[in-house]
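Structure record follows, encoded as structure tokens.
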Amino acid sequence: MDQGASPLNISWHHGIVTPTTRAIRLRQKPITVWFTGLSGSGKSTLATHLELALCTAGHATFILDGDNVRKGLCRDLGFSANDRTENIRRVAEVARLMNDAGLVVAAALISPYSQDRAMARDIIGPERFIEVYLDASLAVCEGRDPKGLYRKARTGEIHEFTGVSSPYQPPENPDLTINTANASVQDAMQMVLAEFVKR
Ligand code: ADX
């Protein structure tokens, strides 16, 4: 992202303590693991288990979960394409600040549009961004329906529901794809941790 002069006459004020210094202080490389997939594909579950594993190993972490940010930071946003783009933009900006603070971030958002995920990668920085696609079919996710939302989407009680009445564009070149219909949470975790260590 451009941190130089802007048309609003705002320029980036550099601190004396740098992101590198903060990361060294925390003895870790700040990364954002970005989970994308349909509702019910296991994003929040994996993000919480990843955080537990990393936290237990001594890392400083934070989870940015779509459902949670939509209760505060993004409470003014709905599920139109434009609102989802703005949702992803805000979360990506927060992830970037958290990475600058030295934290390892797990982001769990449907993030259904390829363009929005590319924007998130751009905002956070490709070297800090791991895109994990939770590849579970609509049938599997709808079968799970942990929040009863697919049922409501089918009866028309919820509009623009991803997979039912709103599109999901699967990533073409994710850093990692996990089929959560077959893999256990522990298996999936091992795959994510392996990718994390690789970085
Ligand atoms: S995103 O598309 O903008 O990335 P996000 O991950 O923040 O979505 O929020 C998705 C969560 O909102 C789902 O887990 C679900 O609980 C809830 N939700 C409510 N309405 C919808 C909808 N129309 N489409 C998808 N998710 C919805």
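Note that this is a predicted model, so its numbers are computed, not measured. Indexing begins at 1, ligand by ligand and atom by atom, following the structure's order.
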Are any of the heavy atoms in Ser166 under 4.0 Å away from ligand 1?
->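 No heavy atom of Ser166 comes that close to ligand 1.
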Ile88 to ligand 1, any heavy atom closer than 4.0 Å =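 So Ile88 counts as touching ligand 1.
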Would you mind checking which non-hydrogen protein atom is closest to atom 10 (C) of ligand 1, with the distance to 0.1 Å?
->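 Answer, as residue, atom name and distance: Ile110 CD1, 3.6 Å.
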Distance to 0.1 Å, residue and atom name: give those for the protein heavy atom nearest to atom 4 (O) of ligand 1.
-> Ser111 N, 2.8 Å
Minimal non-hydrogen separation, Lys29 against Glu127, with atom names |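 Taking Lys29 first and Glu127 second, the nearest heavy atoms are NZ-O, 3.9 Å.
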Between [X] and ligand 1, which part of the residue brings a heavy atom under 4.0 Å of the ligand: side chain, backbone, both or neither?
X      : result
Thr162 : both
Asp83  : neither
Leu149 : side chain

Best match, Lys152, Lys43, Arg70: closest heavy atom to atom 8 (O) of ligand 1 =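 Selected option, by shortest heavy-atom distance: Arg70.
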Report yes if some N/O of Phe79 lies less than 3.5 Å from some N/O of ligand 1; otherwise report no.
->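 No, since none of the N or O atoms of Phe79 sits under 3.5 Å from an N or O of ligand 1.
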Is any side-chain N of the basic residue among Arg128 and Asp100 closer than 4.0 Å to the acidic one's carboxylate O?
->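 Yes, charged N to carboxylate O under 4.0 Å.
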Salt bridge between Lys147 and Asp67, side-chain N to carboxylate O under 4.0 Å?
-> yes
May I ask you to check whether Thr61 and Glu51 show a side-chain donor-acceptor distance below 3.5 Å?
->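 A donor-acceptor contact under 3.5 Å links the two side chains.
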Neighbour count above 12 (heavy atom, 6.0 Å) for Glu172 CD |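 At most 12 heavy atoms, drawn from other residues, nucleotides or ligands, come within 6.0 Å of this atom.
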For atom CD of Gln115, decide whether the heavy atoms of other residues, nucleotides or ligands shown that lie under 6.0 angstrom number more than 12.
-> no
Report the C-alpha distance between Arg121 and Asp175 in whole Å, list the side-chain angles of each, state the deciding distance to 0.1 Å, and finish with yes or no for side chain to side chain contact (heavy atoms under 4.5 Å, CB included).
-> CA-CA 12 Å; Arg121 183 186 290 269; Asp175 297 294; 3.5 Å; yes
